Protein chains: 2
Amino acid sequence: MPPIKMKNAAKPARRSTEDGEAASKPRPQTRIQREKQDIILDAALGVFSVHGFRGATIDQIADAAGMSKPNLLYYFPRKEEIHKQLITKMLATWLAPLREMDETGDPIPEIRSYIRRKLEMARDFPRESRLFANEMLQGAPRIYDILAGELRELVDDKADVLLRWMDEGKISRADPYHLIFSIWATTQHYADFDVQVRAVLGKDRGGDGRFEDAARFLETLFMTGLSPKKA
Amino acid sequence: MPPIKMKNAAKPARRSTEDGEAASKPRPQTRIQREKQDIILDAALGVFSVHGFRGATIDQIADAAGMSKPNLLYYFPRKEEIHKQLITKMLATWLAPLREMDETGDPIPEIRSYIRRKLEMARDFPRESRLFANEMLQGAPRIYDILAGELRELVDDKADVLLRWMDEGKISRADPYHLIFSIWATTQHYADFDVQVRAVLGKDRGGDGRFEDAARFLETLFMTGLSPKKA
DNA sequence: AACGTTTTTTTCCAACTGGTCAAATTTCTG
DNA sequence: CAGAAATTTGACCAGTTGGAAAAAAACGTT
């Protein structure tokens, strides 16, 4: 006579779904749980960033994470849960540089270093950039609220700072919102359209140096534009 | 006793698969065929541009085209066929503006009008832009050859033109490849990241005027940059 | 070693996927 | 209008997909 098993003991404390409210006991979360979750998130980032939410399959992710599908589902009971967690984590990282733009600093260096940081992120976290891009292309169904809320407030805030700098004559007058857009666009381009950039630059110029070339170019573009300086 | 039918008469002349070689007779192609194919391509553009190749389903496309799946498959026997045709058509449209940049023209107006045209395309053909973006994010598996071939040659060509203009002192010196990238990035941003642009600009500023604002801003950016002109 | 707990694997399923096939219907041409 | 060709539909299929359930294995504690 086999011993009586309790059906499906305690599932790992998943704080993923924001728990509604007062979760009686948060459940400690073991070391293995954290490790595996990290592995899964990393694998999922690779898959989601390439194929988008719909195009990605749990099998692909499980495969990339080196575990079976049911095993993966033990840690993240739904596909959406993984995606949501990735998006949340990514957004925080993604907006950090803009937050750091300091209104008490020197305008030109501040902008310059914002551009540099964004470009570094495109270089160091291309998958995060593509995950975000994919979400945008689909109409941001899962993060629209954040865009229209938190993000908008942040941009409004920084746009004000930029306007003030313009009023003080520290930088030339231009639409601050579109200025921010143009920084986003030019830098993220090197992550999102990386294949194209490499293909066009070719083997010789498309190597590791391309980010430095880009940095130099963007410096020129944003600082002085294309009009030739008349001697 | 039902009359004997010939099994599956003549399928519509599909020149899609490039027919190997000497296709005996191209088959005229009826009016209905052209119409339906257009409807399908239009519907497919909408679906592929949002979900990417993997994420899009034939059912979705058939639905959007207002016909049954087998009916759609009658015109395009494979999903890939539809996608390939869309990509090909789109690439031609997409590169036209760059082709039109005239080396015998006045440099500054030429660049200015290239930017304007690209921005108009982002406004008028956002789905095409997103289709392209989706393909890029996935690593361009279906068009890499074109990127590294035709596109690269075109860009090399125009980069030479830009360099010449720089040598002549008509525009300031900067990496011509990254200059082209930055024009692509800033203009396509308004198609690919449209949701974000709208969300950040809000109801009032995010309306139809946003493209004019963008045009004005890009004009400033590319012409004079951000450094304040010292009086 | 013996226990409960956590993790993993095996098996399974219903819905969806891209695609086929033959029959039914519509359209075109004389 | 008849007959052939073109178009559309309905039934179907094998493979994939997200996910459930339960048993098996591994782990941690005493």
Side-chain angles (χ1 to χ4, degrees), chain A residues 1-14 16-17 25-40 43-44 47-48 51-84, chain B residues 1-14 16-17 25-40 43-44 47-48 51-84:
Chain A
M1 213 192 284
I4 296 161
K5 301 262 171 155
M6 15 178 51
K7 55 180 308 184
N8 247 357
K11 285 226 168 176
R14 70 189 93 102
S16 18
T17 29
K25 277 167 199 166
R27 285 300 177 89
Q29 180 148 43
T30 72
R31 173 183 47 83
I32 290 186
Q33 270 169 25
R34 248 162 315 173
E35 282 175 8
K36 291 278 162 114
Q37 277 175 9
D38 282 354
I39 291 174
I40 293 171
V47 178
F48 279 132
H51 295 292
F53 183 75
R54 280 231 50 195
T57 73
I58 300 184
D59 277 308
Q60 283 175 322
I61 299 171
D63 220 55
M67 66 181 72
S68 68
K69 176 168 64 171
N71 195 186
L72 181 150
L73 284 167
Y74 170 71
Y75 293 100
F76 291 89
R78 343 230 118 237
K79 184 185 174 185
E80 263 205 275
E81 212 46 62
I82 311 176
H83 193 260
K84 194 205 282 189
Chain B
M1 212 190 284
I4 297 161
K5 301 265 171 155
M6 16 177 46
K7 56 178 306 185
N8 248 357
K11 283 228 172 178
R14 71 187 94 101
S16 19
T17 29
K25 278 167 199 166
R27 285 296 180 92
Q29 180 147 45
T30 71
R31 172 186 48 87
I32 290 187
Q33 270 168 27
R34 248 161 314 170
E35 284 175 8
K36 292 278 161 116
Q37 276 174 12
D38 283 353
I39 292 175
I40 292 170
V47 179
F48 279 133
H51 295 292
F53 183 75
R54 280 229 51 195
T57 73
I58 299 185
D59 277 307
Q60 283 176 323
I61 299 171
D63 219 54
M67 66 181 74
S68 68
K69 177 167 63 170
N71 195 187
L72 180 150
L73 285 166
Y74 170 71
Y75 293 100
F76 291 90
R78 339 234 119 232
K79 185 185 174 186
E80 261 204 277
E81 212 47 60
I82 312 176
H83 193 261
K84 194 206 281 186

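Source: prediction; values computed, not measured. Chain naming here is simple, since letters A, B, ... match the order of the sequence lines and numbering starts at 1 in each.
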J.: Using the test ring pair (Phe, Tyr, Trp, His ring centres under 6.0 Å), find all partners of B:His83 that sit at least two apart in sequence or belong to another chain.
T.: B:Phe48, B:Phe53
J.: Measuring from atom CD of A:Glu81 to atom NZ of A:Lys84, what distance do you get when rounded to the nearest 0.5 angstrom?
T.: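 Those atoms lie 5.0 Å apart.
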J.: Measure from NZ on A:Lys36 to P on D:dC27 and round the result to the nearest Å.
T.: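 Taking NZ of A:Lys36 and P of D:dC27, I get 10 Å after rounding.
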J.: Using a cut-off of strictly less than 4.0 Å, decide whether B:Asn71 has a side-chain nitrogen or oxygen near OP1 or OP2 of D:dT7.
T.: no
J.: Five pairs at each end of the helix from C:dA1-D:dT30 to C:dG30-D:dC1: take the axis at both ends and give me the angle between them to 10°.
T.: 20°
J.: Return the minimal non-hydrogen interatomic distance between B:Arg54 and B:Lys79, and the atom names on each side.
T.: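 That would be O-NZ, 3.8 Å.
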J.: Any side-chain N or O of B:Tyr74 less than 4.0 Å from the OP1 or OP2 oxygen of D:dT8?
T.: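 So the side chain of B:Tyr74 is outside the cut-off, no N or O lying under 4.0 Å from OP1 or OP2 of D:dT8.
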J.: Nearest 0.5 Å please: distance from the NZ atom of A:Lys36 over to the OH atom of A:Tyr75.
T.: 5.0 Å
J.: Between atom NE2 in A:His51 and atom P in D:dG18, what is the gap in whole Å?
T.: 12 Å
J.: May I have the distance from A:Leu73 (atom CG) to C:dC13 (atom C1'), rounded to whole angstrom?
T.: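 A:Leu73 atom CG is separated from C:dC13 atom C1' by 14 Å.
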J.: Identify all side-chain donor-acceptor contacts of residues 56-73 of chain A below 3.5 Å with residues at least two apart in sequence or on another chain.
T.:
unit_1, atom_1, unit_2, atom_2, d
A:Thr57, OG1, A:Gln60, N, 3.0
A:Gln60, OE1, A:Thr57, N, 3.0
A:Ser68, OG, A:Asn71, N, 3.3

J.: Considering just the side-chain nitrogens and oxygens of A:Gln33, establish if one lies under 4.0 Å of OP1 or OP2 belonging to C:dT7.
T.: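 Answer is yes, contact under 4.0 Å.
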J.: In whole angstrom, give the distance that lies between atom CZ of B:Phe76 and atom P of C:dT20.
T.: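 So the two atoms are 15 Å apart, to the nearest Å.
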J.: A:Ile61 has an atom CD1; how far is it from atom C1' of D:dG18, in whole Å?
T.: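 Nearest whole value for this atom pair: 11 Å.
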J.: For the side chain of A:Arg78, counting heavy atoms from C-beta on, which of C:dT7, D:dT9, D:dG19 is nearest?
T.: D:dG19
J.: Dump every N/O contact between nucleotides 26-29 of chain C and the protein below 3.5 Å, one line per pair.
T.:
unit_1, atom_1, unit_2, atom_2, d
C:dC28, OP1, B:Arg31, NH2, 2.7

J.: Identify the pairs formed between an N or O of the protein and an N or O of nucleotides 15-17 of chain C at a distance under 3.5 Å, and give each distance.
T.:
unit_1, atom_1, unit_2, atom_2, d
C:dT17, OP1, A:Arg54, NH2, 3.1

J.: Please report, rounded to the nearest Å, how far the C1' atom of C:dT7 is from the CD1 atom of A:Ile39.
T.: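 Going from CD1 in A:Ile39 over to C1' in C:dT7 covers 13 Å.
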J.: Give the rounded distance in Å between these two atoms: CD of A:Glu35 and P of D:dA26.
T.: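 About 18 Å, once rounded to whole Å.
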J.: Rounded to whole Å, how long is the line connecting atom CD of B:Gln37 with atom C1' of D:dA6?
T.: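 Atom-to-atom, B:Gln37 to D:dA6, this comes out as 13 Å.
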J.: Can you see if the side chain of A:Ser68 gets near the phosphate of C:dT8 - specifically, an N or O under 4.0 Å from OP1 or OP2?
T.: no
